[in-house]
J.: 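The structure's right below; bear with me while I get my questions together.
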Amino acid sequence: MKAVRIHQPGDHDSLVLEDAPTPVPATGDVLVRVHAASFVPDELHWPGSWVDRAGRDRTPTVPAHEVAGVVAEVRYGSTGFSVGERVYGLGDWHRDGAAAEFIAIEARSLAALPDAVDFSTAAALPLAGLTAWQGLFTHGGLAAGQRVLVHGAAGGTGSLAVQLAHRAGAQVIASGRGKAAALAKELGAEQFVDLEQDPLAATAGQVDLVFDTIGGELLAASAQLVRPGGVLVSVTAPPPVAPEAGRSAFFIVEPDRGQLAELARQTAAGLLKPQVGAVFPLAQAREAFAAKQHGIPGKAVLRVL
């Protein structure tokens with residue numbers, strides 16, 4: 001098969017499109033014919049990109065762990081899928097990704113993909129969608145009527161968090177650069193805080209939940225905004241300051257078939273709109289990584305088939 005690989009730790013400039021062995025699915029795996037894939041811009045700098053879960057070198061490695069495609073083979077111990085079925089999901093960071101014609105991925109990391117969702121849109125959904133869902137509901141305990149502040153509301157994760165919180169009946173305050181205000185309000189935010197212009201505390205007021213996708217000084221300053229009993233949730237780092245009468249949470253996203261299925265259902269129904277920033281052919285993987293590192297909005301997607 002054709003695959004984008006990198007042979008030693010480095011940057012996206014070292015990515016090459018080359019012939020590679022088609023992966024052999026293990027027990028519990030599904031072999032997926034990849035149609036589209038997406039990635040995290042800095043994933044090549046993560047330890048899991050270079051070693052397996054036992055710490056053994058696994059180079060050359062294939063990046064991009066968000067996948068949408070069609071089931072090509074189902075191995076013993078895999079349940080819920082059949083050959084020819086449309087699927088999407090989030091692969092294990094310690095295994096080869098989806099910047100290739102095929103990926104072997106655990107069946108539990110996949111969900112069925114409705115016909116109404118195209119493959120490029122689906123590839124932009126799993127990581128951002130699961131992160132938003134788990135941050136708001138699993139770790140944040142968001143309920144209808146609460147006030148939630150979403151930092152980074154124009155990003156792939158933040159934009160979905162705004163939509164999910166709005167649909168859950170929360171009052172959504174979004175933050176980011178001023179140019180993101182129109183998009184955030186279109187997606188369901190009732191208020192927008194321009195982080196380049198507005199004083200955060202005075203503009204946002206007290207909230208029940210802060211969901212932060214930016215980190216740094218903004219994360220530290222957000223603790224003071226949380227009401228008693230509220231929560232500060234971060235996906236970038238453990239919050240350095242906890243709310244005085246609340247709690248803080250930091251988490252790393254986990255695959256979840258049920259959550260993936262619900263995210264796909266809402267997307268198919270037009271209730272969720274993943275932000276696809278640009279679509280690149282597989283041969284332009286270097287350009288796709290570079291574009292994300294230069295800040296194109298939304299998710300960059302690799303079109304494989």
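Just the heavy atoms: all of them, side chains too, but no hydrogens, waters or symmetry mates, feed the values below.
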J.: Please step through side-chain contact (heavy atoms from CB on, under 4.5 Å) for the pair Arg247 and Val226, ending with a clear verdict.
T.: CA-CA 9 Å; Arg247 62 182 178 89; Val226 178; over 6 Å; no
J.: Does any part of the side chain of Ile105, heavy atoms only, come nearer than 4.5 Å to the side chain of Leu110, both counted from C-beta?
T.: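 When only atoms from C-beta onward are counted, Ile105 and Leu110 do touch, with a gap below 4.5 Å.
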J.: Between Ile173 and Phe192, is there a shared hydrophobic cluster once you connect ILVMFWY residues whose side-chain heavy atoms come closer than 4.5 Å?
T.: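 They do not share one cluster, since no chain of ILVMFWY contacts under 4.5 Å joins Ile173 to Phe192.
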J.: Begin with the C-alpha distance, continue with both residues' side-chain angles, and end with the deciding distance and a verdict on side-chain contact (heavy atoms from CB on, under 4.5 Å) for Glu66 and Phe39.
T.: CA-CA 6 Å; Glu66 297 172 88; Phe39 56 88; 5.5 Å; no
J.: For residues Trp50 and Phe289: do they belong to one hydrophobic cluster (side chain heavy atoms under 4.5 Å, members Ile, Leu, Val, Met, Phe, Trp, Tyr)?
T.: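 Yes, same cluster.
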J.: Restricting to ring-ring contact (aromatic ring centres under 6.0 Å, His included), what partner residues turn up for His151, sequence neighbours left out?
T.: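 Counting only residues at least two positions away or on another chain, His151 forms no ring-ring contact (aromatic ring centres under 6.0 Å, His included).
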J.: Report yes or no: do Ser78 and Arg75 form a side-chain donor-acceptor pair below 3.5 Å?
T.: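 Looking only at side-chain atoms, Arg75 and Ser78 do not form any donor-acceptor pair under 3.5 Å.
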J.: Do Val304 and Ile103 land in one hydrophobic cluster if side-chain heavy atoms of ILVMFWY residues count as linked below 4.5 Å?
T.: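 Yes: a chain of side-chain contacts under 4.5 Å links Val304 to Ile103.
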J.: Main chain of Gly10, side chain of Ser14: is a donor-acceptor contact present, judged purely on distance under 3.5 Å?
T.: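 Judged by distance alone, no pair lies under 3.5 Å.
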J.: Would you say Val16 and Val4 make side-chain contact, with heavy atoms under 4.5 Å?
T.: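 No; the side chains remain at least 4.5 Å from each other.
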J.: First locate atom CG of Asp57, then atom CG of Asp52, and finally report the distance between them rounded to the nearest 0.5 Å.
T.: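 Reported to 0.5 Å precision, the distance equals 9.0 Å.
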J.: Ignoring hydrogens and geometry, is there a side-chain-to-backbone donor-acceptor pair from Arg33 to Glu101 under 3.5 Å?
T.: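 Yes; judged by distance alone, with no hydrogens or angles, the pair exists.
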J.: Short question: side chain of Arg86, backbone of Leu113 - any donor-acceptor pair under 3.5 Å?
T.: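 Confirmed, Arg86 side chain pairs with Leu113 backbone.
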J.: Looking at Ala143, is its backbone amide N or carbonyl O close enough to the side chain of Gln146 to form a donor-acceptor pair, meaning the two atoms are under 3.5 Å apart?
T.: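 Yes.
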J.: Evaluate the side-chain proximity of Gln266 to Gln163: yes if any heavy-atom separation is below 4.5 Å, no if none is.
T.: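 No - every pair of side-chain heavy atoms lies 4.5 Å or more apart.
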J.: Any salt bridge linking Arg5 with Asp96? Criterion: basic side-chain nitrogen under 4.0 Å from a carboxylate oxygen.
T.: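 Salt bridge: no.
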J.: Does a side-chain N-to-carboxylate-O contact under 4.0 Å join Asp256 and Arg108?
T.: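 Judged by the 4.0 Å cut-off on N to carboxylate O distance, Asp256 and Arg108 do not form a salt bridge.
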J.: Between Asp194 and Arg177, does any side-chain N to carboxylate O distance fall below 4.0 Å?
T.: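 Arg177 and Asp194: not salt-bridged.
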J.: Tell me yes or no: between the side chains of Glu18 and His7, is some donor less than 3.5 Å from an acceptor?
T.: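 Result is yes, a qualifying pair exists.
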J.: Donor-acceptor check, side chain of Asp42 to backbone of His45, threshold 3.5 angstrom: yes or no?
T.: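 A pair under 3.5 Å: no.
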J.: Would Asp208 and Arg147 count as a side-chain contact (heavy atoms from CB on, under 4.5 Å) if you check the C-alpha gap in whole Å, the side-chain angles of each, and the deciding distance to 0.1 Å?
T.: CA-CA 5 Å; Asp208 300 287; Arg147 299 184 81 230; 4.0 Å; yes
J.: For atom CD of Glu244, decide whether the heavy atoms of other residues, nucleotides or ligands shown that lie under 6.0 angstrom number more than 12.
T.: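 Check fails, neighbour count at 12 or below.
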J.: Do Leu125 and Val40 belong together in a cluster built from hydrophobic side chains that touch within less than 4.5 Å?
T.: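 As far as the 4.5 Å side-chain criterion goes, Val40 and Leu125 are connected within one cluster.
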J.: Could you grab the distance from atom CG of Leu187 to atom CG of Leu164, nearest 0.5 Å is fine?
T.: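 Output value for this atom pair is 10.5 Å.
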J.: Return the NE2 to NE2 distance between His65 and His94, rounded to the nearest 0.5 Å.
T.: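 One gets 9.0 Å once the value is rounded to the nearest 0.5 Å.
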J.: Are any side-chain N or O atoms of Gln206 and backbone N or O atoms of Gln224, one a donor and one an acceptor, separated by less than 3.5 Å?
T.: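 Yes, Gln206 side chain to Gln224 backbone: donor-acceptor pair under 3.5 Å.
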J.: Donor-acceptor pair, Glu73 side chain versus Val71 backbone, under 3.5 Å?
T.: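 A pair under 3.5 Å: no.
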J.: Do Ile252 and Val235 pass the side-chain contact (heavy atoms from CB on, under 4.5 Å) test, and can you show the C-alpha distance, the side-chain angles, and the key distance before you say yes or no?
T.: CA-CA 7 Å; Ile252 297 174; Val235 299; over 6 Å; no
J.: Under 4.5 Å between any side-chain heavy atoms of Val34 and Phe102, yes or no?
T.: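 In short, these two side chains do not touch, never coming nearer than 4.5 Å.
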J.: Answer yes if Val162 and Phe137 sit in the same cluster of Ile, Leu, Val, Met, Phe, Trp and Tyr residues linked by side chain heavy atoms under 4.5 Å apart, and no otherwise.
T.: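 Yes, Val162 and Phe137 fall within the same hydrophobic cluster.
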J.: Any side-chain heavy-atom pair from Val148 and Val207 closer than 4.5 angstrom?
T.: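 Counting from C-beta outward, Val148 and Val207 never come under 4.5 Å.
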J.: Closer than 3.5 angstrom, by distance alone: can the side chain of Tyr88 be matched with the main-chain N or O of Leu260 as a donor-acceptor pair?
T.: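 Looks like yes, one N/O pair under 3.5 Å.
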J.: I'd like to know if the side chain of Glu43 and the backbone of Ala64 have a donor-acceptor N/O pair within less than 3.5 Å.
T.: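 Yes, the answer is positive, given that a donor and an acceptor are paired below the 3.5 Å cut-off.
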J.: Could you pull out all donor-acceptor pairs under 3.5 Å where a side-chain atom in residues 126-136 meets a protein atom, sequence neighbours excluded?
T.:
unit_1: Thr131; atom_1: OG1; unit_2: Leu127; atom_2: O; d: 2.6
unit_1: Gln134; atom_1: OE1; unit_2: Glu254; atom_2: N; d: 3.2
unit_1: Gln134; atom_1: NE2; unit_2: Glu254; atom_2: O; d: 2.7
unit_1: Gln134; atom_1: NE2; unit_2: Gln259; atom_2: OE1; d: 2.9

J.: State, to 0.1 Å, how close Ala68 and Ala123 come at their nearest heavy-atom pair, and which atoms those are.
T.: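 Taking Ala68 first and Ala123 second, the nearest heavy atoms are CB-N, 4.0 Å.
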J.: Using only heavy-atom distances, determine whether the side chains of Glu190 and His166 contain a donor-acceptor pair under 3.5 Å.
T.: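 No, no side-chain donor-acceptor pair sits under 3.5 Å.
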J.: Write down the atom of Ala264, the atom of Val117, and the distance for their closest heavy-atom approach.
T.: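 So the minimum-distance heavy-atom pair works out to O-CG2, 4.1 Å.
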J.: Are Val301 and Phe119 side-chain neighbours, meaning at least one heavy-atom pair lies under 4.5 Å?
T.: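 Heavy-atom side-chain distance check fails, nothing below 4.5 Å.
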J.: Using side-chain heavy atoms (C-beta onward) and a distance below 4.5 Å, is Asp29 in contact with Tyr76?
T.: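 Counting from C-beta outward, Asp29 and Tyr76 never come under 4.5 Å.
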J.: So do Val70 and Glu85 actually touch side chain to side chain, heavy atoms under 4.5 Å?
T.: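 SC-SC contact between Glu85 and Val70 ruled out.
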J.: Students often mix this up, so state it plainly: with edges at 30° and 60°, are the rings of His139 and Phe251 parallel, tilted or perpendicular?
T.: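 If you compare the ring of His139 with that of Phe251, the planes turn out parallel.
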J.: Examine the side chains of Ser234 and Thr236 and answer whether a donor and an acceptor come within less than 3.5 Å of each other.
T.: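 Yes - a donor-acceptor pair under 3.5 Å links their side chains.
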